[in-house]
Amino acid sequence: MNATPACLLDLRNQTVSINQEMQGFLRIDQTELPLSKWMLLLPQSAQQRLQQLMHRLMTEGLKEKAVHISEWNMQCQLIHLTNGQIALTVKNVIGEEPVQRQQTETESGQPLKESPFKQSSMSYLKEKSFSERVDVQNLLNRFPVGVAIISHEWDIMYANEKMEELTGLTFKESHRSKLWDLYSIEEYYDFFQHYLRAMEKQESVEFEGFLSDRQITVEVTVHPSESGLLIFLQDVSSHKQQLQALKESEERFAILANNMKDVFWISDENFSQIHYLSPAFQSLFGMSRREALSDPESVLKVVHPEDVKRVKAGLALMRSKKHQVEYRLKPPNGDEKCMLTKGFPVQNHGTTYVIGIHEDVTEKNEMARLKEKSQQLSTITQMSAGIAHEIKNPLTAIKGFLQIGAANPELRDHYQNIILDEVNRIEAIVQDFMMLSKPKASLQKEEVEPGSVVNYVTRLLQPEADEKNVQLIYNPKSLNDTINTEPKRLNQILINLVKNGIDAVEHGGIVSIVAELSSQELTLSVSDNGPGLSAQELSKIGEPFFTTKEKGTGLGVMVTKKIVGDLSGTISYKSKKGEGTKVTVRLPR
């Protein structure tokens, strides 16, 4: 496409950019001149009129103006683009030959040569459309929005590349077509209404529309001009989708926040500003959200005085890691509550926030206490029945043999050993219960050598193992150091584990003891190659009076678990039917 003589006036920087055709017309080599130098190239009578028009374009919000330069027999079109830039192009040429221009000097001091329009140039300008005569096509094609020019007769005079991309129409196909030939008035009625308003009232119009054939939402800006309408089109579909998604997300969050019994909150890392509090805060804390948001320290006023220090320490930990703190609330109008606050830090665009939840655990704690009491009562009832059963049997035997001895004095000596065994059995049961009732507070810890404890237990139980022809295997690992614990309870743990292992195996069986001391804990493992336990039996280990032994009470496992718990340790069982059992105890150093 041939270009027309044009230049771009930058009033902010006081410079003029000149295209090649304008260079040829002015017969100069420069592509850019200071505005003052460029003005000297014009006839004196035109200089003042151009300055007045440029001033009006800048101050009155006009989009374009034309000026007739009679000395050159031509009419120039001035279009205010943006940011103080005005495009000047030759609009029309009147007559065949332009009048001689006044001579001035270039920046180098050489006289400028005159360059009148030729007949061919005049014919060219008359024949070509306005869009082809404006040498801002390259500039408009770089616009991030679509630009089009519609004449007063609704002809499409120009469309930049972005407009072609948005509408799916090429300028060659749509040039000089009527707008309603391309877009149905019925379907795009709103568009035409806004275009008519801009054209009739000569005012700029902005609106949002939907291009159904392209399935996109566009933001349209229409500016009226002497030539028709200048239309800017911008695709805002993704922006609308993001806004809709954000709106839906906010609605879902509002539904969640408004219906949560717990309080969701967001704060800065220093807790000097609370960014968000969910609506449940007011009913839970007995104070308004506005008061808490304006003065975060005021929330501590409803915390029980004895718990304020703990709450502050807990919040301080939430700045660096996930943490929770439980405390009591004393609202001004309401009963005391138990609260649990959980929080953790998050990073967002380089800023640290702390987010968390306030949860009312009053009812939950009460339910836990009731459940614990219920379990204790159930255990006491179950154990009472077991005690009565376990002690009743030996007492019945003792009573029977004493009656026989009273009736037959000569037989007393024959039953004495049996009676003594039954008494010992009763004593063992009582001792187990005494161990269960022994409080944790009675611990008397000291530095103990684990190797000495294991050696003592193996020597103590070796005769019992020999009696059943059971092989005791002891495998120590790194037991050169000591552990801070109570020696009596440690002895009792190992004795119970090894005795259970010996009782579980048949004659000729094997019981293996492994002891290992690391930097953090002591590990004791006792394995046997006995019959093992089924999954159901394994799940019942530790329940009162559950046992697989013929004469067992199940209290030994309970006692062992109790002692391990008192020493802040853990105990685990691994067993399979026909493959033996392995018990592992871990005690912290």
Side-chain angles (χ1 to χ4, degrees), residues 309-310 313-314 317 321 323 424 427-467 470-505 510-528 541-542 544 553-575 580-589:
K309 185 176 180 180
R310 185 165 70 254
L317 289 173
K321 64 178 181 179
H323 186 66
N424 289 336
E427 182 183 18
I429 293 173
V430 172
Q431 285 179 345
D432 284 342
F433 275 103
M434 289 179 65
M435 181 63 74
L436 284 172
S437 63
K438 192 174 184 181
K440 183 178 179 180
S442 63
L443 283 173
Q444 295 180 352
K445 291 186 177 183
E446 59 183 74
E447 293 297 324
V448 179
E449 294 182 358
S452 301
V453 173
V454 180
N455 287 327
Y456 166 75
V457 172
T458 52
R459 288 197 307 269
L460 178 67
L461 298 178
Q462 189 64 53
E464 187 174 336
D466 292 340
E467 185 178 344
V470 172
Q471 184 180 0
L472 283 182
I473 300 175
Y474 169 42
N475 182 17
K477 293 183 179 180
S478 304
L479 296 180
N480 298 325
D481 208 347
T482 61
I483 179 175
N484 186 259
T485 188
E486 187 184 81
K488 290 182 180 180
R489 300 198 191 207
L490 182 58
N491 283 342
Q492 190 65 48
I493 291 172
L494 195 55
I495 289 172
N496 288 356
L497 295 182
V498 177
K499 280 178 66 68
N500 286 343
I502 294 172
D503 292 341
V505 299
I510 298 174
V511 175
S512 175
I513 306 168
V514 177
E516 183 176 4
L517 186 64
S518 69
S519 60
Q520 297 181 345
E521 63 183 11
L522 170 66
T523 303
L524 298 173
S525 296
V526 178
S527 307
D528 65 68
I541 285 289
T553 63
L555 296 177
V557 176
M558 285 188 66
V559 170
T560 304
K561 282 192 169 185
K562 170 71 165 51
I563 297 173
V564 171
D566 290 345
L567 297 176
S568 303
T570 61
I571 183 169
S572 60
Y573 291 82
K574 185 178 181 181
S575 184
T581 303
K582 180 180 179 180
V583 187
T584 302
V585 173
R586 290 183 171 85
L587 301 174
R589 293 189 64 178

Derivation of the side chain to side chain contact (heavy atoms under 4.5 Å, CB included) call for Leu494 and Tyr456 = CA-CA 10 Å; Leu494 195 55; Tyr456 166 75; over 6 Å; no
Could you pull out the closest heavy-atom pair between Asp503 and Glu464, with the gap in Å?
-> OD1-OE2, 3.8 Å
Salt bridge (Lys or Arg N to Asp or Glu O under 4.0 Å) partners of residues 510-520, not counting sequence neighbours, each pair once | none
Taking every heavy atom of Tyr474 against every heavy atom of Gly451, the minimum-distance pair comes out as OH-CA, 4.0 Å
Nearest heavy atoms of Val505 and Ile510, plus distance in Å | CG1-O, 4.0 Å
Roughly how far, to the nearest 0.5 Å, is OG1 of Thr560 from CG of Asn496?
-> 3.5 Å
Looking only at non-hydrogen atoms, find the nearest pair between Leu587 and Ile483 and report the distance.
-> O-CD1, 4.1 Å
Drop me the distance from Leu472's CG to Gln462's CD, to the nearest 0.5 angstrom.
-> 5.0 Å
Within the distance-only criterion (no hydrogens, no angle test), does the side chain of Thr482 pair as donor or acceptor with the backbone N or O of Glu449 below 3.5 angstrom?
-> no
To the nearest 0.5 Å, what is the distance between NZ (Lys574) and OG1 (Thr581)?
-> 11.5 Å
Hey, could you give me the CG/OG1 distance between Leu497 and Thr584, rounded to the nearest 0.5 Å?
-> 9.5 Å
About how many Å separate CG of Asp466 and CD1 of Ile502, when rounded to the nearest 0.5 Å?
-> 9.0 Å
Intermediate values then yes/no, side chain to side chain contact (heavy atoms under 4.5 Å, CB included), Ile571 and Ile493 | CA-CA 10 Å; Ile571 183 169; Ile493 291 172; over 6 Å; no
Considering all heavy atoms, the nearest Asp528-Ala504 contact | OD2-CB, 4.1 Å
When you look at NZ of Lys445, are more than 12 heavy atoms from neighbouring residues, nucleotides or ligands closer to it than 6.0 Å?
-> yes
Tell me, yes or no, whether the heavy-atom count around Glu447 atom CD, taken from other residues, nucleotides or ligands under 6.0 Å, exceeds 12.
-> yes
Taking atom CD1 of Ile495 and atom CG of Leu490, what is their separation to the nearest 0.5 Å?
-> 9.5 Å
If you take all heavy atoms of Pro588 and Ser568, which pair is closest and at what distance?
-> CD-O, 3.3 Å
